[in-house]
Engineer: 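Got a structure here, written out as structure tokens. Questions coming.
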Amino acid sequence: MRKFFWGLGVVILSSSFLHSAASLAQVQVEAATTQVQTPAEVDTPAVLDQTQQFILQQFQQSQPTFSSEWLILALARNGYAGYQSQPPYFALYYGALVKQLQAQNGKLSAVKYTEYSRVALALAAIGKDPQAVGGYNLFDDLSDFDQTTAQGINGAAFALLAVDSRNEFQFTQPAGVTNYTTKEKLLTYLLAHELPQGGFSLAGQMADVDVTAMTLQALAPHQNDPAIKAAVARGVAVLAQQQQPDGGFRSNFAGSQEAAESSAQVVTALSSLGIDSARDPRFVKQKSALQALSDYQVASGGFSHTPPATKQAPADGLATEQAAGALVAYERWRTGKTNFYQMNDVTSPTDQESVQAVTDLLQTLDDDPTKIAAARAAYDALTEAQKKLIPPSAYQLLTAAEAQLAKKTAAQATTPTAPTVSTTASQASSPLESASEPTPASLSATKTSGSVSQTEASAPGKNTPSESTATPAADLSVPVATKPVAPVTQKVKSRSKQKQKAAGWQFTGKSYQPKAAATAKTPASGHSFWQLTPMSGLAFLGEVIVAGILGGLKFGLKKGIWWS
């Protein structure tokens, strides 16, 4: 009976027509009199993780192939990296599908056109284009409206889901087709099959949970149309009325009982419509719709078709694939992601490879400027869509590395370097006047001017064009009216005394001092320098004699007297 719903439209059992309005009224009374309970929390990520592990175990035993679409779809929409996995299940599935299509000349079925819709959805989920797969366009077959709807309302619903899954998908106009499929025709067809009391069914006048939920999933993106929005609201009300007292759902065909597949389709529909199947009071009876679905999970991680008597019950394939899709649909809605069937967010395998390569590059960065530049270039080369797929943590590694490199470069640029020592005739040549030990003249000029430019301008031997415009140094012979400059003493070699004196220094008897300090009046005595030391007269006389001797020697050397 389950295959009847999922096999999508074969022969309808005659017993389905025996249900009356009285049975619907009974369901309504039961729902109205059921006490609403506080919904229990469902750890959806944990349940999903167990289900995904179960699916992967099945793939280890039997690799995915044509007919594995719902499992592939659930894995892909749950974020499973099926191309990077070992083995790469998405690539294996795609290869098997291409072989199937080529072996059958592009035909998946002669009567069940939902096969094309299901495969198109799976391909869209893994980033492949169903419009160009193995040399075939799956929408060519779905573009025959009469064949697409031959199965009934579910054929129209899944064709609409497939073409809506990505913006670039569209129906075609293949040769030999007289009644082309369009979105408008499919929507009109679905609305025309709404039952008077709301909801949908493959046949009869009793709304079916599974078919109603599937149809609402297809109508969800089109609620901007008032007629569609109203039909959706009536369908949601029907589902709420048909929820069982324990929170589960069952098909309305004779002999049906509560099943995981029915609960799964309702949870998927509600998630597509933005309705919380875990807390919305319309869908909380003794248990919420979501909790009722999770209760079908067994110890293996799969799901049982009917409520399991024990957690050791075996898992059912159809129940597992539908429950997995429903849980993914709920979790995507809960976390603010796109609709389960809306796959414009999916990237192609090529995009995924590019994003992964750049991510790996960013995660191996160090302080090497070459690597940092290469990583930036690789990131900038991505498309905007690809950049959005780069993990924020990986991109932060790039920006942090760039910031650190910029800081290091700036520090190197501002580090002072040793000035070049000139050896021209006008420059000092003694060790005293080298760059590593400032001369008294430069010290004096620095204290007087207070700036680097003025220091350079007043240094002896500096003959640059800037001298004419530089601020003149203070007159060292004039007593300082403000705070006296502290004497700076420094032992010098005798051959430098003339240069020190010329630069504004004066011998005090034991050492040289700046003239400004030597001639300034002290605040205590008010007397001049000459009145401070009794030996100053003899010191001055000695200095004159020494200067005369040195001057004579210098003059003689210049004129060549001693060597003529």
Side-chain angles (χ1 to χ4, degrees), residues 2-11 55 58-59 61-76 82-83 87-166 168-182 186 202 214 218 317-318 321-322 325 341 343 346 348-349:
R2 291 178 292 123
K3 293 183 179 178
F4 172 74
F5 291 117
W6 211 251
L8 306 174
V10 199
V11 178
I55 295 172
Q58 305 310 303
F59 282 168
Q61 299 173 13
S62 179
Q63 292 183 352
T65 184
F66 173 63
S67 77
S68 301
E69 286 75 30
W70 294 120
L71 296 177
I72 292 293
L73 178 61
L75 288 176
Y83 288 107
Y89 290 122
F90 291 174
L92 291 174
Y93 164 73
Y94 185 74
L97 176 64
V98 170
K99 288 182 180 180
Q100 173 76 14
L101 278 169
Q102 293 176 341
Q104 300 297 326
N105 295 320
K107 294 297 181 183
L108 296 176
S109 175
V111 292
K112 293 169 58 179
Y113 278 75
T114 48
E115 301 282 272
Y116 297 96
S117 299
R118 185 184 73 238
V119 171
L121 288 168
L123 292 176
I126 64 174
K128 292 294 187 179
D129 188 358
Q131 298 174 124
V133 49
Y136 299 97
N137 184 344
L138 300 186
F139 285 101
D140 284 344
D141 293 276
L142 291 173
S143 294
D144 187 328
F145 184 77
D146 295 330
Q147 291 182 339
T148 297
T149 58
Q151 290 174 255
I153 195 171
N154 53 345
F158 280 99
L160 188 59
L161 284 170
V163 77
D164 278 340
S165 61
R166 286 190 68 93
E168 64 267 28
F169 292 170
Q170 58 184 346
F171 295 112
T172 62
Q173 294 184 356
V177 176
T178 58
N179 189 11
Y180 300 124
T181 304
T182 65
L186 292 174
L202 285 174
M214 293 176 186
L318 189 64
E321 62 187 26
Q322 292 193 36
Y341 290 117
M343 288 172 271
V346 177
S348 68

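This structure is a prediction, so every number in the text was calculated from the model and none was measured. For the single chain, residues carry numbers from 1 onward in sequence order.
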Engineer: Can you see which heavy atom on A162 is nearest to which on L121, and at what distance?
Structural biologist: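 What the structure gives for the nearest pair is CA-CD2, 3.8 Å.
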Engineer: Is there a side-chain contact (heavy atoms from CB on, under 4.5 Å) between D164 and Y341 once you walk through the steps?
Structural biologist: CA-CA 8 Å; D164 278 340; Y341 290 117; over 6 Å; no
Engineer: Run L92 and F59 through side-chain contact (heavy atoms from CB on, under 4.5 Å) and show every step you take.
Structural biologist: CA-CA 10 Å; L92 291 174; F59 282 168; over 6 Å; no
Engineer: Taking all atoms of both residues into account, what is the closest heavy-atom pair of A218 and L161, and its distance?
Structural biologist: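 Scanning both residues, the minimum pair turns out to be CA-CD2, 3.7 Å.
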Engineer: Measure the spacing between OG1 of T172 and CG of D144 and express it to the nearest 0.5 Å.
Structural biologist: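 Here the rounded value is 10.0 Å.
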Engineer: Work out which heavy atom in F171 is nearest to a heavy atom in L186; give both atom names and the distance.
Structural biologist: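 Smallest heavy-atom distance, with atoms named: CZ-CD1, 3.7 Å.
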Engineer: Is the F90 ring parallel, tilted or perpendicular to the Y83 ring (thresholds 30°, 60°)?
Structural biologist: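 Perpendicular.
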Engineer: Can you tell me how far the CZ atom of F66 sits from the CD atom of Q100, to the nearest 0.5 Å?
Structural biologist: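 Output value for this atom pair is 5.5 Å.
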Engineer: Which pair of non-hydrogen atoms, one from A156 and one from T149, has the smallest distance, and what is that distance?
Structural biologist: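 Shortest heavy-atom separation between A156 and T149 comes out as CB-CG2, 4.1 Å.
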Engineer: Taking all non-hydrogen atoms of both residues into account, name the closest pair between L142 and A159 and its distance.
Structural biologist: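 Heavy-atom minimum between the residues: CD2-CB, 4.4 Å.
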Engineer: Between V133 and L123, does a side-chain contact (heavy atoms from CB on, under 4.5 Å) hold up when you go through it step by step?
Structural biologist: CA-CA 9 Å; V133 49; L123 292 176; 4.1 Å; yes
Engineer: I'd like to know if the side chain of Y180 pairs up with that of Q173 as donor and acceptor (distance under 3.5 Å, no hydrogens or angles considered).
Structural biologist: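 Short answer, no.
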Engineer: From L97 CG over to L108 CG, what is the distance, rounded to the nearest 0.5 angstrom?
Structural biologist: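 Answer rounded to 0.5 Å: 6.5 Å.
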Engineer: Test L75 against Y89 for side-chain contact (heavy atoms from CB on, under 4.5 Å), laying out the working first.
Structural biologist: CA-CA 10 Å; L75 288 176; Y89 290 122; 5.7 Å; no
Engineer: Which heavy atom in A74 sits nearest to a heavy atom in G325, and how many Å separate them?
Structural biologist: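 Residues A74 and G325, closest heavy atoms: CB-N, 4.1 Å.
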Engineer: Using only heavy-atom distances, determine whether the side chains of Y136 and Q102 contain a donor-acceptor pair under 3.5 Å.
Structural biologist: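 There is no such pair between these side chains.
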Engineer: Would you confirm whether E69, through its side chain, and S67, through its main-chain N or O, come within 3.5 Å as a donor-acceptor pair?
Structural biologist: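 Yes.
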Engineer: How long is the gap from CD on Q147 to OG1 on T181, to the nearest 0.5 Å?
Structural biologist: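 The distance works out to 9.0 Å.
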Engineer: Would you say the side-chain atoms of Q151 pair up with the backbone N or O of T114, donor to acceptor, closer than 3.5 Å?
Structural biologist: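 Pair found, side chain donor or acceptor close to backbone of T114.
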Engineer: Nearest 0.5 Å please: distance from the CG atom of D129 over to the CZ atom of F139.
Structural biologist: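 Reported value, rounded in 0.5 Å steps: 8.5 Å.
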Engineer: Please check this pair: side chain of S165 against backbone of M343, looking for a donor-acceptor N/O pair closer than 3.5 Å.
Structural biologist: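 Flag not set: sc S165 to bb M343 has no pair under 3.5 Å.
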Engineer: Rounded to the nearest 0.5 Å, what's the gap from CZ on R118 to CD1 on I72? Could you check?
Structural biologist: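 One gets 12.0 Å once the value is rounded to the nearest 0.5 Å.
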Engineer: D141 versus K107: any side-chain heavy-atom pair under 4.5 Å?
Structural biologist: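 Contact flag for D141/K107 side chains = yes.
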